[in-house]
Amino acid sequence: MGAIVTRRLREGKTYEDFRKRWFHTTGFASENRMFSLINIEDPREIIVIGLTESSMEDLLEKLRIDVKERLENPLDEVIEPEIGRTFGVMVSEDDFSSEGSIEYSDPSIRGKKTDVSEILGNIQDIRSTFAKAALERDEAKK
């Protein structure tokens, strides 16, 4: 799974203010990496790209870990209310770091060929899982 989440710092707040609140103190118990970026066009915008491995069975539980973190460490004082969220299913990882020509390869992750039609068949279930987690988050914030 992949997520791109954008947030804008409130006036006078810094990336370090954001990071102290945002930093996860509970792990996901699976491969999970987060990349934080500062937008070069708007240094108050923080972009976080998250990549995580999860089975369909474990996806909702991993989303609940994130909801728990956000409820325990709210960002409201640090960021503006609007948050951009884009979620997706990874279909390929490609390494273009070598010099010179690179031969085309089919989509794969860690050397295992991706079944794109299977992923497309699961999109609705994945979307429903994310919607359920968002509803639980919004209910818990009340």
Side-chain angles (χ1 to χ4, degrees), residues 1-10 13-142:
M1 298 296 308
I4 301 171
V5 180
T6 56
R7 301 171 176 100
R8 192 158 193 274
L9 296 171
R10 291 187 182 275
K13 296 297 181 179
T14 66
Y15 170 74
E16 191 60 32
D17 295 328
F18 166 80
R19 184 171 176 77
K20 286 177 182 175
R21 294 261 187 164
W22 166 84
F23 194 87
H24 283 237
T25 58
T26 301
F28 291 96
S30 68
E31 183 70 27
N32 183 283
R33 295 184 305 156
M34 304 260 186
F35 303 89
S36 298
L37 297 87
I38 296 173
N39 184 333
I40 63 171
E41 298 294 330
D42 178 1
R44 287 177 51 202
E45 183 177 74
I46 307 300
I47 305 160
V48 176
I49 300 170
L51 302 174
T52 190
E53 288 186 16
S54 180
S55 66
M56 281 297 297
E57 296 78 28
D58 294 337
L59 180 58
L60 186 57
E61 196 54 42
K62 289 183 184 347
L63 291 170
R64 286 179 173 145
I65 290 170
D66 190 59
V67 167
K68 181 178 177 284
E69 285 284 332
R70 290 293 58 85
L71 293 173
E72 291 176 357
N73 301 293
L75 296 167
D76 300 341
E77 294 177 13
V78 178
I79 63 166
E80 294 182 353
E82 298 80 23
I83 298 174
R85 292 181 175 97
T86 303
F87 301 101
V89 179
M90 188 182 305
V91 294
S92 188
E93 63 178 353
D94 298 286
D95 182 356
F96 298 122
S97 56
S98 66
E99 186 175 335
S101 298
I102 300 173
E103 190 174 316
Y104 175 82
S105 62
D106 291 328
S108 65
I109 298 173
R110 292 191 178 157
K112 182 180 176 204
K113 186 175 178 182
T114 302
D115 185 340
V116 177
S117 61
E118 179 184 351
I119 291 172
L120 291 172
N122 290 329
I123 288 285
Q124 183 56 42
D125 290 339
I126 295 166
R127 187 181 311 139
S128 296
T129 302
F130 274 85
K132 182 175 182 176
L135 183 63
E136 288 179 11
R137 177 198 64 226
D138 293 345
E139 288 296 317
K141 283 180 94 172
K142 291 181 181 179

Handout entry: side-chain contact (heavy atoms from CB on, under 4.5 Å) assessment of I49 paired with M34
Key = CA-CA 6 Å; I49 300 170; M34 304 260 186; over 6 Å; no

Approximate separation, where rounding is to 0.5 Å, of [X] [atom1] and [Y] [atom2]:
{"X": "R70", "Y": "E72", "atom1": "CZ", "atom2": "CD", "answer": "9.5 Å"}
{"X": "I47", "Y": "S36", "atom1": "CD1", "atom2": "OG", "answer": "10.0 Å"}
{"X": "L9", "Y": "E16", "atom1": "CG", "atom2": "CD", "answer": "11.5 Å"}
{"X": "I46", "Y": "T14", "atom1": "CD1", "atom2": "OG1", "answer": "8.5 Å"}
{"X": "I79", "Y": "T6", "atom1": "CD1", "atom2": "OG1", "answer": "9.5 Å"}
{"X": "T25", "Y": "I65", "atom1": "OG1", "atom2": "CD1", "answer": "11.0 Å"}

Shortest non-hydrogen contact between [X] and [Y], atoms and distance:
{"X": "K62", "Y": "S30", "value": "CE-OG, 3.1 Å"}
{"X": "E69", "Y": "T26", "value": "OE2-N, 2.9 Å"}
{"X": "I38", "Y": "P43", "value": "CG2-O, 3.4 Å"}
{"X": "D76", "Y": "R10", "value": "O-NE, 2.7 Å"}
{"X": "A140", "Y": "L71", "value": "CB-CD1, 3.4 Å"}

Which residue pairs pass the ring-ring contact (aromatic ring centres under 6.0 Å, His included) test with at least one member in [range], sequence neighbours excluded?
{"range": "residues 30-49", "result": "none"}
{"range": "residues 96-129", "result": "none"}
{"range": "residues 37-60", "result": "none"}

Ignoring hydrogens and angles, tell me if any N or O in the side chain of [X] forms a donor-acceptor pair with the backbone of [Y] under 3.5 Å.
{"X": "R44", "Y": "K13", "answer": "no"}
{"X": "T52", "Y": "R33", "answer": "no"}
{"X": "S108", "Y": "T114", "answer": "no"}

Handout entry: More than 12 heavy atoms of other groups within 6.0 Å of L135 CG
Key = yes

Problem - Pairwise side-chain contact, L51 with M1, heavy-atom cut-off 4.5 Å (strictly under) - result: no

Practice task
Kindly indicate whether the side chain of H24, heavy atoms from C-beta on, has any atom under 4.5 Å from the side chain of D66.
Solution key: yes

Handout entry: N-O pairing of R64 and E136 below 4.0 Å
Key = yes

Practice task
Please list all pairs passing the side chain to side chain donor-acceptor pair (under 3.5 Å) test where one or both residues lie in residues 120-134, with sequence neighbours left out.
Solution key: Q124-R127, Q124-S128

Practice task
Look at the aromatic rings of W22 and F18 and report parallel, tilted or perpendicular, splitting at 30° and 60°.
Solution key: parallel

Practice task
Decide yes or no on side-chain contact (heavy atoms from CB on, under 4.5 Å) for V48 and I4, but give the supporting numbers first.
Solution key: CA-CA 6 Å; V48 176; I4 301 171; over 6 Å; no

Problem - Which residues share a ring pair (Phe, Tyr, Trp, His ring centres under 6.0 Å) with F130, sequence neighbours left out - result: F87

Fill in the blank from the handout: The single option from E82, E80, E45 that satisfies side chain to side chain donor-acceptor pair (under 3.5 Å) with R8 is E80

Practice task
Please identify each residue that fulfils salt bridge (Lys or Arg N to Asp or Glu O under 4.0 Å) with E93, with sequence neighbours left out.
Solution key: none

